[in-house]
Amino acid sequence: MTTAPPETSAPAWRLLLTYVRPHRTALFTGALLSLVTGGTGLLLPLVARELIDDLAHDRPITGALLAMSGLVVANTVLGALGSYVLRRTAESVVLGARRTLSSYLLRLRITAVDRTEPGDLMARITSDTTLLRQVTTDSLIGLGTGGLTLVATLVMMGVVDAVLLGVTLAVVVGAGTVLGLIVPRINRASRRAQDAVGVMGAALERTLGALRTVKASGAEPREERVLHRAAEDSWRQSVRAAKWSAAAGHTAGLAMQIAFLTVLAVGGARVATGAIDVGTLVAFLLFVFYLLSPIQQVVGAITQYQTGRAALGRIEDALRLPAEPPTRPVPLPSPGERPASVAFHDVRFRYSEDAPYIHHGVSFEVPPRGMTAFVGPSGAGKTTVFSLIERFYDPDSGEITLDGRSLGEWDLASLRAAIGYVEQDAPVLSGSLRDNLLLGNPEADGSSLAAVLKTTRLDGLVERLPNGLETLVGHRGTKLSGGERQRVAVARALLRRPRLLLLDEATSQLDAVNEAALRDTVTDVARTTTVLVVAHRLSTVTTADRIVVMDAGRVRAVGTHRELVTADPLYAELAATQFLTAGG
Ligand SMILES: Nc1ncnc2c1ncn2[C@@H]1O[C@H](COP(=O)(O)OP(=O)(O)OP(=O)(O)O)[C@@H](O)[C@H]1O
Ligand SMILES: [Mg+2]
């Protein structure tokens, strides 16, 4: 490239090149076409001089006219082709960035997701990547072809008349200095404008994601203000960037007019003194006229690059968020087919550096097969146990093992493939019922699907729905009842044929009949699978093989319902308040 980027932009520049590199052939083809287009344009003044010469000497002008027409047509055709190739390449660069970014974001560590706003990340994929389009065409190509055309035009001008070239250069350098002051402002304003778009994305996601809550709380006006403020902020900063871009563009335009007038004056004087002839002056003026386009291209390139740099910075920031370890070249072992055993050994864990510890040395052992229940007050760290088993987070100290091997030593994907996890809020994704059920195991066949629908008592629902399994469940499954959502989540986990089934409050919203049915299913599954359940309603876990009582990040006691009622005061109290002491 002809112009070295300023120091601070080097990383963004290099990052841009990594996106552009796969498309370099297309880019060079486009650039070459643009250059040739520029070249045909450059020849035009020379032919024009010929024409004037021919006229002056009463020679026929047919040849010159034909040459001019040919050049004009070639200019148009090649120009159109070149700009198509370039735009296509620019779209490919955007595609590449979107692919990279979406693949990366799907593999983010949950810790990173906890710290970011999904809406802002969404804006980075959709809005920021779009800005790369302009950077690729206007900026890279503009700088390349514009720069080369500029140099070529200047050389041609030098050939025609060195003095007039000096005059032109003086004007151009003056304009360049002014531009140097304007450009950093464009970058700052663009970055702020894009950040504001991110804020808007985050606010939108937050509001639309919980629109019922917002409406029920009558919070529309407040949410509206947040959205409007972000939109206005983006507007303000974009207008600021537009102002400086316009100033930059018009500085270039002004410079060219000054150059034109100065060349006319100085050139006129030189014609008068006989230093040059009229044809030379006309040719030079045409060159000055032709200078306008490459200069505007270069200025456009520089201003566009500032916007692109701001977007690249935001994309790069997202790509710096911690992601899950990629699959290693030497694959780690996968858990076997048997039901898994799980153990926590003195696990200490907190969600972030500046947060308090949630687990203060949690230890327990779960042998293969059977049902283990986790009970304890809200906030005791039960869900956290499951998050750690799924390796959404890693413990700060201590060890978690599956089949006696530390979690970190299993291949992450196959570790999760061994687990069926029903989260506490039983999330259902927008899409069809079938999509939701097969999310964890798209290969599940019809008969196992039918069997699971039966055990989770969803078969009745499917029959009732006009479109059956193809019924769309709405955003986050809003078209299903709470209990239906839970049963869909359980069915999804069962269809995975897990070796370890994690159920977090999976029956909390079920009616007595459905709960009893599901309890039977789980008891059945526990004969061949290791099942861990979290339950607030002790009635659902009294038959568990063992119960782990947790309180404030510690394991208080482990035992059966019968043992714990007498051995552990907290458990006895929980049981007493739920009228379970007599039973057992
Ligand atoms: N992603 C998170 N980031 C930071 N803190 C968290 C996060 N998730 C949970 N916590 C905190 O960790 C503590 C334990 O949470 P956890 O979800 O494990 O409790 P729980 O025993 O499942 O409670 P409940 O019975 O209410 O579901 C809580 O005090 C909570 O504030
Ligand atoms: Mg919980």
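In this chain, residues are counted from 1 in sequence order. Just the heavy atoms: all of them, side chains too, but no hydrogens, waters or symmetry mates, feed the values below. In listed order, ligands and their atoms are each counted from 1.
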Note to self: What I want to find out is whether Arg556 reaches Asp568 closely enough, with some N-O distance under 4.0 Å, to be called a salt bridge.
What the structure shows: yes
Notebook entry, point to check: Which residue owns the protein heavy atom closest to atom 17 (O) of ligand 1, what's the atom, and how far is it?
Noted result: Thr383 CB, 3.4 Å
Next item on the list: Among all protein heavy atoms, pick out the one at the shortest distance from atom 27 (O) of ligand 1; state its residue, atom name and that distance to 0.1 Å.
Entry: Gln424 NE2, 2.7 Å
Notebook entry, point to check: Is the closest heavy atom of Tyr393 to ligand 1 under 4.0 Å?
Noted result: yes
Note to self: For atom 25 (O) of ligand 1, which of the options Glu505, Lys382, Met550 provides the nearest non-hydrogen atom?
What the structure shows: Lys382
Item checked: Best match, Val375, Val385, Thr384, Asp504: closest heavy atom to atom 18 (O) of ligand 1 -> Thr384
Check: Is there a donor-acceptor contact under 3.5 Å linking the side chains of Arg496 and Asn441?
Finding: no
Item checked: Short N-O contact, Arg348 and Asp396, less than 4.0 angstrom -> no
Check: Nearest protein heavy-atom contact for atom 2 (C) of ligand 1: which residue, which atom, what distance?
Finding: Tyr351 CD2, 3.4 Å
Check: Under 4.0 Å between a Lys/Arg side-chain N and an Asp/Glu carboxylate O for Arg537 and Glu515?
Finding: yes
Check: For ligand 1, which part of Asp114 has a heavy atom less than 4.0 Å away: the side chain, the backbone, both, or neither?
Finding: side chain
Check: Is the closest protein non-hydrogen atom to atom 12 (O) of ligand 1 under 4.0 Å?
Finding: yes
Checklist line | Parallel, tilted or perpendicular: ring planes of Tyr393 versus Tyr351, cut at 30 and 60 degrees | finding: perpendicular
Item checked: side-chain contact (heavy atoms from CB on, under 4.5 Å) partner of Val473, chosen from Val488, Leu465, Asp435, Leu433 -> Leu433
Next item on the list: Give the residue, atom name and distance (to 0.1 Å) of the protein heavy atom nearest atom 26 (O) of ligand 1.
Entry: Ser378 OG, 2.5 Å
Notebook entry, point to check: When you look at CZ of Arg497, are more than 12 heavy atoms from neighbouring residues, nucleotides or ligands closer to it than 6.0 Å?
Noted result: no
Note to self: Closer than 2.8 Å to the Mg ion (ligand 2): does that hold for any N, O or S atom in Ser378?
What the structure shows: no
Check: So, is Ile358 polar-close to ligand 1, with some N/O to N/O distance under 3.5 Å?
Finding: no
Check: Can you tell me the protein heavy atom closest to atom 23 (O) of ligand 1 and the distance?
Finding: Gly379 N, 2.8 Å
Item checked: side-chain contact (heavy atoms from CB on, under 4.5 Å), paired with Thr456, selected from Leu494, Asn514, Leu461, Leu495 -> Leu494
Check: Is Thr383 close enough that one of its N/O/S atoms sits under 2.8 Å from the Mg ion (ligand 2)?
Finding: yes
Notebook entry, point to check: Does the protein put any heavy atom within less than 4.0 Å of atom 6 (C) of ligand 1?
Noted result: yes
Notebook entry, point to check: Do we see a donor-acceptor contact under 3.5 Å between the side chains of Asp346 and Ser363?
Noted result: no
Margin query: Between ligand 1 and Ala380, is the shortest N or O to N or O distance under 3.5 Å?
Written below: yes
Item checked: Under 4.0 Å to a heavy atom of His536 - the qualifying atoms of ligand 1, by number -> 25 (O)
Item checked: Electrostatic pair Asp394:Arg109 at N-O distance under 4.0 angstrom -> yes
